[in-house]
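The next block holds one structure in the form of structure tokens; read it before the comments.
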Amino acid sequence: MSADAVEHFNMHDAKTHLSRIIERVERGEEIVIDRAGTPVARIVPLVRRVNRTSVGSLAGQLDLSGDWDSPHTNAEIAADFGMSS
């Protein structure tokens, strides 16, 4: 997106219309927030690298050892979090 196409909002308008600004960013726009006419922040859409919404999307990418759910392993994890099993 070119710098000319980026819309600027002053701080007050950004606070007042944050929900609308976020909706625009979700659609792919970039927004710049100004304080006293000086740009101080740029709001850009986050790019999701992988959409893992389906069952089995990690198939073949995880390797769980045979004892991953053993009482001993569970006790070690509980101890790491200050819990008793």
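Quick caveat: nothing in here was measured; it's all calculated off a predicted structure. Scope of the values below: all heavy atoms of this structure, side chains included, with no hydrogens, waters or symmetry mates. Along the sequence shown, the residues carry numbers beginning at 1.
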Between His12 and Asn10, which heavy-atom pair has the shortest distance, and what is it?
-> N-OD1, 3.1 Å

Less than 4.5 Å apart, any side-chain heavy atom of Glu26 and any of Pro45?
-> no

Hydrophobic cluster membership, Val25 vs Leu46, 4.5 Å side-chain cutoff = no

Asp67: side chain to side chain contact (heavy atoms under 4.5 Å, CB included) partners, not counting sequence neighbours | Ser65, Ser70, Thr73

Does any non-hydrogen side-chain atom of Ile43 lie less than 4.5 Å from one of Glu30?
-> no

What about Ile21 and Met11, same hydrophobic cluster or not, with Ile/Leu/Val/Met/Phe/Trp/Tyr joined at side-chain heavy-atom distances under 4.5 Å?
-> yes

Side chain to side chain contact (heavy atoms under 4.5 Å, CB included) partners for Arg24, two or more places apart | Glu7, Phe9, Arg27, Glu29, Ile31

Test side-chain contact (heavy atoms from CB on, under 4.5 Å) on Val40 and Asp34 and set out the steps.
-> CA-CA 5 Å; Val40 294; Asp34 298 335; over 6 Å; no

In Å and rounded to the nearest 0.5 Å, what is the CD1 to CG distance from Ile77 to Asp69?
-> 8.5 Å

